[in-house]
Amino acid sequence: MHLRYAFRIEPTPGQRMALARTFGCVRVVYNDALAARKAAYTADKSRIATGVLAKRVITDAKKTPERAWLAEVSVDALQSSLRDLDTAYANFFASLTGKRRGRRMGLPVLKSKKDNRQAVRFSRNGFRLRENGRLNLAKIGDVRVRWSRPLPAPPSSVTVVKDASGRYFASFIVEVEPEHLVPVEDEVGIDLGLTHYAVLSNGQVIDHPRFLRRAERRLRKAQQTLSRKAKGSKNRAKARLKVARAHARVADARKDWCHQTASRLIRDNQALYLEDLAVSGLARTPLAKSVHDAAWGMFRRVLKEKAARYGRHTGTVSRWLPSSQTCSVCWVVDGKKPLHVRAWRCEGCGTEHDRDLNASRVILAAGQAERLNAPGGPVSPGVEIPHQARPVERGTHPEAQPITTGSQAGSPVL
């Protein structure tokens, strides 16, 4: 499987100028190639081959006065932009024909130099790792890397990213074998919410960190300062960086928390089952800010990636499952309940239920049944079914976030 390891890098002022030049050249080559393909399709519905396109927008373009400065950057970085364009078109057609799951992808669009995020990719021919720990990039030089841990294998490519806050990162892709953990007996259902982040079927409660809500005052002050600056001034550029850095701190804390919490759950459980929440729909409700702050989609993705890496199983039950209406004891569907109802009594068996704890137990039972009856699965119960998960994991953290235990929990959704 492929893993992605990102590290902070510290380029010198000269190297930052070289990176800015590379970002610009890569963007121009991408836009020229996109324009050429659109023109060819408009003319006679034809498609320009990648080799012919590379010769036109890179090799021949360097010989012209308008594009002579393309020779100042690595040709490997320029060719990577054409591969990115091929990938963008492949994703569009796969989405159009239904081969790609998820939201429909649109046609590739032109890149702008005003984008807050700039990136360039180098293949094996465009970079190397020095013995002193420096990252050598073609026509840029040896860049200092803040190594937080060693790479488990030689990287196949590296992507240099400059984010909105002005930070530089080197993202390496490495291929490693899965590290299966020792099997355990525990399986758990997870009910995600907003009052508490998650309630587990074994009674554990994961408190909601609310990173955005806790940083709202600082973000509001920074945004107010930005709004008072004159457009186009240097003071406005400085204020914009302060806003971007404040948002980056919130995003980094949320991502780190998701990785630590997912690592803890993966280590303690053999199988984990979640509900397929309609996050995009919930993000259009009055609870939109809290839903975005919760980052349920990121948490579920990280959980699946870690499960694939460590030999665990993750399952997703249908979002139409009435988990908040079904009794986990007698399985009687008791009807819809307003969100303010956090505890209820089953009319069938008289059992008193906490809304979220009962929902997590229903999710656990539904996930186990779906896993047992999956197409191609084993007939005998108790036999593990392999789970195909996403191949790329975007960073991991070895430490785990402690989970608080409690018996009462509440959630304003579901």
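Quick caveat, the model's predicted, so the values are computed rather than measured.
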Could you tell me which residues satisfy ring pair (Phe, Tyr, Trp, His ring centres under 6.0 Å) with His353, sequence neighbours excluded, listed by chain and number?
Trp344
Take Ser123 and Gln79, measure what side chain to side chain contact (heavy atoms under 4.5 Å, CB included) needs, and give me the verdict at the end.
CA-CA 10 Å; Ser123 66; Gln79 291 174 345; over 6 Å; no
Shortest non-hydrogen pair, Ala164 vs Leu241, comes out as O-CD2, 3.7 Å
Taking atom CZ of Arg128 as the centre, report whether more than 12 heavy atoms of other residues, nucleotides or ligands fall under 6.0 Å from it.
no
Quick one: does any side-chain atom of Asp191 pair with a main-chain N or O of Val199 as donor and acceptor, under 3.5 Å?
no
Please find out if less than 6.0 Å separates the ring center of Trp257 from that of Tyr197.
yes
With no hydrogens and no angle check, is any side-chain donor or acceptor of His208 less than 3.5 Å from a backbone partner on Arg210?
yes
Charged N to carboxylate O below 4.0 Å: is that the case for Asp276 and Arg300?
yes
Atom NZ of Lys238 with >12 non-hydrogen neighbours under 6.0 angstrom:
no
Keeping to residues at least two apart or across chains, list the salt bridge (Lys or Arg N to Asp or Glu O under 4.0 Å) pairs with something in residues 12-29.
Arg21-Glu72
side-chain hydrogen bond (donor to acceptor under 3.5 Å, both in side chains) involving Asp163 - partner list, sequence neighbours excluded
Ser165, Arg167
Salt bridge Arg301-Glu305, side-chain N to carboxylate O under 4.0 Å
yes
Working to the nearest 0.5 Å, report the span between OH of Tyr310 and CD of Gln270.
14.5 Å
Say whether, by atom type as modelled, one donor and one acceptor occur between the side chain of Arg342 and the main chain of Leu339 under 3.5 angstrom.
yes
Of all heavy-atom pairs between Val302 and Cys258, which one has the smallest distance, and what is that distance?
CG1-O, 4.2 Å
Got a sec: does the NZ of Lys242 have more than 12 other heavy atoms crowding it under 6.0 Å?
no
Basic-acidic side-chain contact under 4.0 Å: Asp84, Arg121
yes
Can you give each donor-acceptor pair under 3.5 Å made by side-chain atoms of residues 171-182, sequence neighbours left out, with the distance rounded to 0.1 Å?
from	atom 1	to	atom 2	distance (Å)
Ser171	OG	Arg4	NH1	3.1

Euclidean distance, Leu277 CG relative to Thr316 OG1, rounded to 0.5 Å
9.5 Å
Partners passing side chain to side chain contact (heavy atoms under 4.5 Å, CB included) against Ala20 (at least two apart in sequence or in another chain)
none
Pairs meeting criterion salt bridge (Lys or Arg N to Asp or Glu O under 4.0 Å) with involvement of residues 279-292, two or more places apart
Glu216-Lys289
Donor-acceptor pair, side chain of Thr285 and main chain of Leu282, under 3.5 angstrom:
yes
Sequence neighbours left out, what pairs pass side-chain hydrogen bond (donor to acceptor under 3.5 Å, both in side chains) with at least one residue falling in residues 59-71?
Asp32-Arg67, Lys55-Asp60
Only counting residues at least two apart or in another chain, list the ones meeting side-chain hydrogen bond (donor to acceptor under 3.5 Å, both in side chains) with Arg100.
Asn91
Side chain to side chain contact (heavy atoms under 4.5 Å, CB included) evaluation trace for Leu265 with Ile190:
CA-CA 10 Å; Leu265 292 173; Ile190 304 175; 4.1 Å; yes
Does the pair Asp76 and Phe127 meet the rule for a side chain to side chain contact (heavy atoms under 4.5 Å, CB included), with working shown?
CA-CA 9 Å; Asp76 181 77; Phe127 78 98; over 6 Å; no
Applying side chain to side chain contact (heavy atoms under 4.5 Å, CB included), can you list everything that pairs with His247, at least two apart in sequence or on another chain?
Leu219, Val243
Evaluate the criterion side chain to side chain contact (heavy atoms under 4.5 Å, CB included) for residue pair Phe122 and Ser74; output intermediate values, then yes/no.
CA-CA 9 Å; Phe122 295 88; Ser74 170; 4.2 Å; yes
Taken in chain and number order and not counting sequence neighbours, the residues that satisfy side-chain hydrogen bond (donor to acceptor under 3.5 Å, both in side chains) with Ser328 are Asn358
With a cut-off of 3.5 Å and sequence neighbours excluded, list every side-chain donor-acceptor pair involving residues 136-145.
from	atom 1	to	atom 2	distance (Å)
Asn136	ND2	Asp142	OD1	2.6
Lys139	NZ	Ala71	O	2.7
Asp142	OD1	Arg130	NE	3.2
Arg144	NH1	Glu10	OE1	2.2
Arg144	NH1	Glu10	OE2	3.4

Distance, nearest 0.5 Å, that separates CZ of Phe7 from CZ of Phe169:
12.0 Å
What closest approach, in Å, do Ala278 and Arg319 show between heavy atoms, and which atom pair accounts for it?
CB-NH1, 3.3 Å
Identify the heavy atoms of Thr326 and Val362 that sit nearest to each other, and give their distance.
O-CG2, 3.6 Å
Check Lys111 with Asp115, please: is the shortest side-chain N to carboxylate O separation under 4.0 Å?
no
Heavy-atom pair of closest approach, residues Val26 and Ala77:
CG2-O, 3.7 Å
Using the test side-chain hydrogen bond (donor to acceptor under 3.5 Å, both in side chains), find all partners of Lys337 that sit at least two apart in sequence or belong to another chain.
none
Minimal non-hydrogen separation, Phe299 against Leu274, with atom names:
CE2-CD2, 4.4 Å
Between Arg103 and Ser95: side-chain donor-acceptor atoms closer than 3.5 Å
no
Does Ser360 reach the side chain of Leu200, with side-chain heavy atoms less than 4.5 Å apart?
no
